[in-house]
**Q** 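Here you go, one structure.
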Amino acid sequence: MPMANDFGKAYLLLSLAALVLVLFLRRNLNGNARLTFPLPPGPRGLPLVGNLPFLEPNLHLYFSRLAKTYGPVFRLCLGYKPLTVVSSPSAARELFKDQDVAFANHDVPAAIRFGFGTIPDVLWSPYGPTWQKLRKIMATHLLNSKSMEAAAPLRRKEVRLAVAAVWERAKAGEAMELRETLFQMALNTTTRMLWGERVDGEGEGRMFRLAIEGILDHFIMPNVADFYPVVAPLDPQRYGRKIKRFLMSMDEYLNRLVQSRETAVSEREVEEKKMPRDLLEKLLELMHKGDPLLSSFCVADLRHLFATIIGASTDNTTTTIEWAMAELLYEPARMRKAQQELDTVVGRDRPVEESDIPQLRYLGAVVKENLRLHPPVPLLVPHLPSSDCAAGGFAIPAKTAVIINAWAIHRDPSRWEDPEEFKPERFLRESREQCEFLSGNEFGYLPFGAGRRVCAGMALAERMILFSLASLLHSFEWWLPEGAHLKLAEIFGFVLRKAEPLVVVPEARLGKPELYL
Ligand code: HEM
């Protein structure tokens, strides 16, 4: 009997030891299993500088070419910075969907760290409570469908003003650079939603444009401070300082604005119970009242949030509409098809309304195809996994910068037929789900990114782009200036703009002049 007891004890101990071992291994394998995959292949670099000397200015094209040699997941070393580039829908899905939490941090460029300092920022904050709070403020007060619906009259006013401005050019028979008009339209649509007013195109409008384009252009530039972190505090190429200056120019304007409204809000609180006039007043009022969502949110954070929203919503939408107009001018039969649809749905006796948009199926397909062929943010925002990840059978160790080459994914021949061609019709053929702008489940189509850091303003962008483009196509015929040759070349940047600004000659299309006023 004692033997049986001993055996029983030994068996129990062994079982316990085995259980502890299994738990230990599981715990450690969870952390490191992905490192059992090999590192991705990639071109050999030089000592100390790695692949830096071989980078090309058009990074999206350079990365697409490397993917043809090394496959859809490849690795580079930029100085001391390891970088993995992903160029296939399946590898993107693995990261955005299967490892979404680990993949939810953005890689903050040194110039942004220098320029923005410690200000909480929705685009650059790590995945965590601050980021969650900022997204929630945007979702609760600006980007939910009720708030967007309530702001429809503001968008309508701004689009009508842009149409009126183009009409002046049409009457004079003048050529115009479309981008400036589009940018001011996007900017003022946003400022009206934020603080109920427009900004003057020549003065503050110009300042906002320079600041936004300046920040976007400078943080994407190859920066020694990113490749050799030890020199980052010195900001050797001065990109951080420039970004700081651009940010300050917007902040000075926003500071004056917020100060004047703060007084108005506190005086009104004492005097009478009036509804806040716009988002700015609403948020200031909630801050005064100690709303839990806005607790620990100070006025400087509010100004920065507004600057971010303006930055995120202007250049992208402007660039998208400019590319769409360029593609339609390049293939006039498509322009006519879009205009015929507008004539059928809207007619020529009234202007387009946002409520017409769901019936404009062809126009919807034009915009989707345009975002496929010219994704405004071609490499999305670089991510920085917080723990080890894997994609395409390769390891991506924690803290390796990861670029998703949306531009290449949108041209993946296994996903897209004739990927280089602009064919809106493909989106009319696709199943409803694949056609869905906002599905977030289509990893071969990522103009707004995917996963936890997917664009917060997708639905607003969809409305702004479709309504503006529909109004411009409905109100005018568009021509190229006599003898001009349209080029569809692009220039790499955080936002992939047309290399040459689009110059067009508008001609009034609607019979009644009052439709332009
Ligand atoms: C054509 C228009 C637009 C495009 C193509 C676009 C694209 C993108 C992309 C690619 C990202 C990064 C996704 C990633 O990390 O993988 C992003 C993030 C973001 N976008 Fe947009 N966007 C557009 C318009 C807007 C608008 C109108 C807003 C208005 C509020 C907006 C607000 C944001 C914000 C706040 C983020 C940061 C999200 C986060 O990090 O959590 N975007 N956008």
**Q** With sequence neighbours excluded, tell me which residues meet ring pair (Phe, Tyr, Trp, His ring centres under 6.0 Å) with F227.
**A**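 Expected list: none.
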**Q** Would you kindly say whether K157 and T189 are connected by a side-chain donor-acceptor distance under 3.5 Å?
**A**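 Not at all, the side chains of K157 and T189 share no donor-acceptor pair under 3.5 Å.
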**Q** Within a 6.0 Å radius of atom CZ on R206, are there more than 12 heavy atoms belonging to other residues, nucleotides or ligands?
**A**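 Check fails, neighbour count at 12 or below.
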**Q** Below 30° counts as parallel, above 60° as perpendicular, anything between as tilted: where do the rings of W478 and F476 land?
**A** perpendicular
**Q** For R303, check salt bridge (Lys or Arg N to Asp or Glu O under 4.0 Å) against everything at least two apart and list the hits.
**A**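 D251.
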**Q** Please tabulate, for side-chain N and O atoms in residues 371-378, each donor-acceptor pair with protein atoms closer than 3.5 Å (sequence neighbours left out).
**A**
| from | atom 1 | to | atom 2 | distance (Å) |
| --- | --- | --- | --- | --- |
| R372 | NE | E369 | OE1 | 2.8 |
| R372 | NH1 | H410 | O | 2.7 |
| R372 | NH1 | P419 | O | 2.9 |
| R372 | NH2 | E369 | OE2 | 3.0 |
| R372 | NH2 | P419 | O | 2.9 |
| R372 | NH2 | E421 | O | 2.9 |
| H374 | NE2 | E327 | OE2 | 2.7 |

**Q** Between N144 and S147, do the side chains contain a donor N or O and an acceptor N or O under 3.5 Å apart?
**A**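 There is such a pair (donor and acceptor under 3.5 Å, judged by atom type) between the side chains of S147 and N144.
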**Q** Applying side chain to side chain contact (heavy atoms under 4.5 Å, CB included), can you list everything that pairs with A111, at least two apart in sequence or on another chain?
**A**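 With sequence neighbours excluded, A111 shows a side chain to side chain contact (heavy atoms under 4.5 Å, CB included) to N223, Y239, I243, given in chain and number order.
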**Q** Go through the structure and list residues passing side chain to side chain contact (heavy atoms under 4.5 Å, CB included) with Q132, not counting sequence neighbours.
**A**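 By the side chain to side chain contact (heavy atoms under 4.5 Å, CB included) rule, Q132 matches no residue at all.
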**Q** Kindly write out the residues that satisfy salt bridge (Lys or Arg N to Asp or Glu O under 4.0 Å) with R453, not counting sequence neighbours, or none if the list is empty.
**A** none
**Q** Are there more than 12 heavy atoms of other residues, nucleotides or ligands under 6.0 Å from atom OH of Y330?
**A** no
**Q** If the plane angle is over 60° it's perpendicular, under 30° parallel, otherwise tilted; pick one for F103 and H383.
**A**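 The arrangement is parallel - the two ring planes meet at less than 30°.
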**Q** Testing the 3.5 Å rule here: is there a donor-acceptor pair between the side chains of T320 and N370?
**A** no
**Q** With a 6.0 Å cut-off on ring centres, are F394 and F37 close enough?
**A**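 No - the distance between ring centres of F394 and F37 does not fall below the 6.0 Å cut-off.
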**Q** Output every pair passing salt bridge (Lys or Arg N to Asp or Glu O under 4.0 Å) with a member in residues 225-239, not counting sequence neighbours, ordered by first then second residue.
**A**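 For residues 225-239, and leaving out neighbouring residues, the salt bridge (Lys or Arg N to Asp or Glu O under 4.0 Å) pairs sorted by first residue read D235-R241.
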**Q** Check whether the side chains of T84 and T400 place a donor and an acceptor atom closer than 3.5 Å, and report yes or no.
**A** no
**Q** Got a salt bridge between R93 and D98, using NZ or NE/NH1/NH2 to carboxylate O under 4.0 Å?
**A**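 Answer for the salt bridge query: no.
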**Q** Listing request: all side chain to side chain donor-acceptor pair (under 3.5 Å) pairs with a residue in residues 208-219, at least two apart in sequence or in separate chains.
**A** R179-E213, E180-R209, R209-E213, D217-R497
**Q** Not counting sequence neighbours, which residues clear salt bridge (Lys or Arg N to Asp or Glu O under 4.0 Å) with K399? List them please.
**A** none
**Q** Under the salt bridge (Lys or Arg N to Asp or Glu O under 4.0 Å) test, which residues partner E420, sequence neighbours left out?
**A**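 Checked E420 against salt bridge (Lys or Arg N to Asp or Glu O under 4.0 Å); matches are R411.
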**Q** Identify every side-chain donor-acceptor pair in residues 112-126 under 3.5 Å, counting partners at least two apart or on other chains, and give the distances.
**A**
| from | atom 1 | to | atom 2 | distance (Å) |
| --- | --- | --- | --- | --- |
| R113 | NH2 | V108 | O | 2.8 |
| D121 | OD1 | L123 | N | 2.8 |
| D121 | OD1 | W124 | N | 3.1 |
| D121 | OD2 | H304 | NE2 | 2.6 |
| D121 | OD2 | T308 | OG1 | 3.2 |
| S125 | OG | D121 | N | 3.3 |
| S125 | OG | D121 | O | 2.7 |

**Q** Any pair with a residue in residues 45-65 that passes salt bridge (Lys or Arg N to Asp or Glu O under 4.0 Å), sequence neighbours left out, goes on the list, sorted by first then second residue, please.
**A**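 Qualifying pairs, neighbours excluded: E56-R65.
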**Q** If every non-hydrogen atom of P501 is compared with every non-hydrogen atom of E322, which pair is closest and at what distance?
**A** CA-OE2, 3.6 Å
**Q** Please check this pair: side chain of R426 against backbone of E417, looking for a donor-acceptor N/O pair closer than 3.5 Å.
**A** yes
**Q** Looking at P89, S88, P72, which hits side-chain contact (heavy atoms from CB on, under 4.5 Å) with I409?
**A**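 When side-chain contact (heavy atoms from CB on, under 4.5 Å) is applied between I409 and each of P89, S88, P72, only P89 qualifies.
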**Q** Do the side chains of E490 and K498 get close enough for a salt bridge, i.e. N-O under 4.0 angstrom?
**A**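 No salt bridge links E490 with K498.
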